[in-house]
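One structure is given here, and the rest of the page talks about it.
Naming: A, B, ... by sequence-line order, numbering from 1 per chain.
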Amino acid sequence: MKLSDERRLTFALFLFVPVVCFFVFIVYPIFRSLTLSFQEWDGLSQNIEFVGWANYKKIFSSELLWVSLTNNLKWLVFSLLAPTMLGFFLALLVDQKVKGESLFQVFFFIPYAITPVAVASVWSWLYSPRGGVINQLLTSIGLPQFRQVWIGNPDIATYSVMLASLWWSTGFAMVLYFSGLRGIPPELLEAADVDGASFWVKLRKIVFPQLLPSTIVVMAMQGISAMRVFDLIYAMTGGGPGISTHVLATMMFDVSFNRFEMGAGSAIAVVLLVISSAIILPYVFHSSKGLEELRS
Amino acid sequence: MNVRGRIVKFAATLFAIAVLSNSALFADTEIWHYWLSGGEKDAINALMDVVKQENPGMTFNAREIPGASTEMRRQLGSAILAGNPPEVYHAGLGLDLKSYVDAGHLRTLDDVWAKLNGDKIFNPGLQKIVKVNGHVYAIPMNTHVVTHIFYNKKIFDKLGLKPPKNAEEFLKVSAVLKKNKIEPLAAAAKAGGTIYHIYPIFIDVLGTDGYMALGNGSLSWKDPKVRKAFEEYRKTFVSQYMFGWSGYGWAEAANEMMKGNVAMYMNGDWVVSYFENAGWKSGVDFDFFPAPGTQNTIVVQVDGLASPKESKDEKGAKALLLSAAGTAGQAAFNRYKGSVAANLTVKPDIYKGVMKATYDRIQAISKSGTMLPNLAVMLPPPLWSELKTQVETFALKSDDATLDKALNALETIRLEQLEKKAFANWSGMN
């Protein structure tokens, strides 16, 4: 056997495991979810019945779906704006060549290294209606009228969970922006300084355009997180009070594993997949384009 | 190494991974459970000590499944599909158990039951919810009462209050508490923390037959009496809830009563072990009274153990279940669990304070009252899940429009489940 054939076989063998894993753990579950969304199954029984579009009709007539979808959209808008802007702002601050720069980087990034369930636990404690730090602080500074039932009031619970998420995820955006800032050729900024450009002009004409790739990555990642957000909500509110903080992922879990309606749960998964794809595909195309440009 | 050698090595590695991942190699008899909090953890540890003592030469392993019954069902379902479930698992009874039996996943325990003389040593009410089509599929471990209201004894004593016997007295006691700037009733939103509060009202307004009719699916949620029950729930309980109740979990809500901010708390009697672990003395710092409308009735929640048919070590499973159902196993377990043993041969001297009073009440109710199963074990899961959500939603916004919406939603699911023949024809427990 020629050496090139041998190497090809070696590569094929090494590729075999990831390809099999990809099909078993990604492709097959998607296919199975799709077929299951047209069936009725309680997750245990050997009877699986084909029900056509019934599961889709059922979930689209449910109030829970529209509440969840609305919350997902709120999460999307929030995730695209808040952590991105705050991360950019923090990166700019840390980039000012201050003493102990790396310490600030670590400080801001640490929350992102904490598991979401632990974040949920800490923030649930902060939000506790009576003994929670936030309400106690408001009372101690003479603003007891602003005390809230942060995660127990259906009108604000989703935003309270978002705030916890902001604390958790901003560090990630900051790190990406920071590396982007450090990647800007210094000559550009020096030339602007020589021309007497103000801070805002430099920001608008040099920094923003140069950070476009970082912004795309940050926004894409935040967009993806917004659509698959689950753990923080599940651990902090379980989708409640009532159904007020549910998103599609928690609804899918509730329908599948609390109500044991696997078919309807799969239909929600399919809806989530379609919506997420619409949001994520532009990023995938952009990344692929960048890769092609690098190759050529 | 030549290509052939590499292929052989690669295949051997894959085979080794496959073999090692098969838990048959790890021959422990495994039990999966979700008894995780303080007293519960002590209870399962004490039980496992008895199991090991009574079965020398066998190895047992207790694995914790965080996430309660939902996560248990999810993980167990996956393990059953993979052909590798534990020998024994912490089972929901009634309809939940029946769903596993109907799917052909549970081993009958008729032989274990016969050895134990189960028909004699277990309460007749409990026997009904561990049997399906006349066969035994689970061992009942305990009886938790979910219709008792716990109260801060020092607050009651200080204000000269007596435990109320009916809704009218309950409202009077609440009014005195409010007047003294103490919030009457602790409640929690997470994990359906308000659901048990409506049970006494259902029993009071609908009667025990009406309560069972809800569980059987034979009573419409649009029946005027059901509507009246929700309205009574609003008047009796919701109006007494503490500030911010919907932001609390059950343990945090219990803390508010311990701190003296709130005088009463209604939850299952698993809170007894929580109070005691936190240093409260049963009968001195806290006590209980039957919720208004349940002077002669209790609603019980029962933990069970069952064995999946697909598990490998049937002998180990049955040995574990025999020990768990026996006098020593149940005494060890319930001493810490804060519940009353299902096995009637357990001597009552293991109970103290509130649990002794609970034991006495269960005995009295067994003879001359009505013991009802938790709606959780009677209602089909979609209806049970919706009921928890709707009761909580109504407690948050108790207007008539919310009530209309809640009853419509529940009725829609009831009809859907009736069409699927998802209800079982439950009779009472005694």
How about Q145(A): does its CD atom have over 12 heavy atoms from other parts shown lying under 6.0 Å from it? yes
May I ask you to check if R147(A) and F243(B) form a cation-pi contact, with NZ or CZ under 6.0 angstrom from the six-membered ring centre and within 45° of the axis? yes
Side-chain heavy atoms of P129(A) within contact of Y248(B), under 4.5 Å: yes
Could you tell me whether R130(A) and E183(B) have a side-chain N and a carboxylate O separated by less than 4.0 Å? yes
Side chain, backbone, both or neither: which part of F253(A) has a non-hydrogen atom closer than 4.5 Å to chain B? side chain
For K57(A), does the NZ atom have more than 12 heavy-atom neighbours from other residues, nucleotides or ligands under 6.0 Å away? no
Is any side-chain heavy atom of I413(B) less than 4.5 Å from a side-chain heavy atom of R259(A)? yes
Do T70(B) and N258(A) meet the criterion of a side-chain donor-acceptor pair at a distance under 3.5 Å? yes
Segment of L383(B) engaging chain A (4.5 angstrom heavy-atom cut-off): neither
Donor-acceptor pairs are to be reported for all side-chain atoms of residues 14-33 of chain A against protein atoms at under 3.5 Å, with residues two or more places apart or in another chain.
residue	atom	partner	partner atom	Å
R32(A)	NH1	T35(A)	OG1	2.9
R32(A)	NH1	Q39(A)	OE1	3.4
S33(A)	OG	P29(A)	O	3.0

So which part of Q75(B) gets closer than 4.5 Å to some heavy atom of chain A, the side chain, the backbone, both or neither? neither
For a quick test of reading the model, state the closest non-hydrogen atom pair linking P382(B) to E261(A) and the distance between them. CG-OE2, 3.5 Å
Output, in order, the C-alpha distance, side-chain angles, deciding distance and verdict of side-chain contact (heavy atoms from CB on, under 4.5 Å) for D254(A) and S385(B). CA-CA 9 Å; D254(A) 180 55; S385(B) 194; 3.8 Å; yes
Pick from H105(B), K397(B), Q390(B) with the largest number of heavy-atom pairs that fall under 4.5 Å of chain A: H105(B)
Name the option with the most non-hydrogen atom pairs under 4.5 Å to chain A; the candidates are T389(B), N261(B), V391(B), L81(B). N261(B)
Taking all heavy atoms of S246(B) and all of V149(A), pick out the closest pair and write down the distance. OG-CG1, 3.9 Å
State, with a plain yes or no, whether a side-chain heavy atom of T393(B) is found less than 4.5 Å away from one of I243(A). no
Do the side chains of S45(A) and D102(B) get nearer than 4.5 Å, heavy atoms only? no
Counting neighbours of CZ on R74(B) that are heavy atoms of other residues, nucleotides or ligands and sit closer than 6.0 Å, is the number greater than 12? yes
In terms of heavy-atom pairs under 4.5 Å with chain A, the winner among K405(B), K259(B), E386(B) is E386(B)
Just wondering, more than 12 heavy atoms not from N133(B) lying within 6.0 Å of its CG? no
Answer yes or no: is there a side-chain heavy-atom contact under 4.5 Å between P154(A) and L396(B)? yes
Between R73(B) and L44(A), is any pair of side-chain heavy atoms under 4.5 Å apart? yes
So for N47(A), is it side chain, backbone, both, or neither that comes closer than 4.5 Å to the heavy atoms of chain B? neither
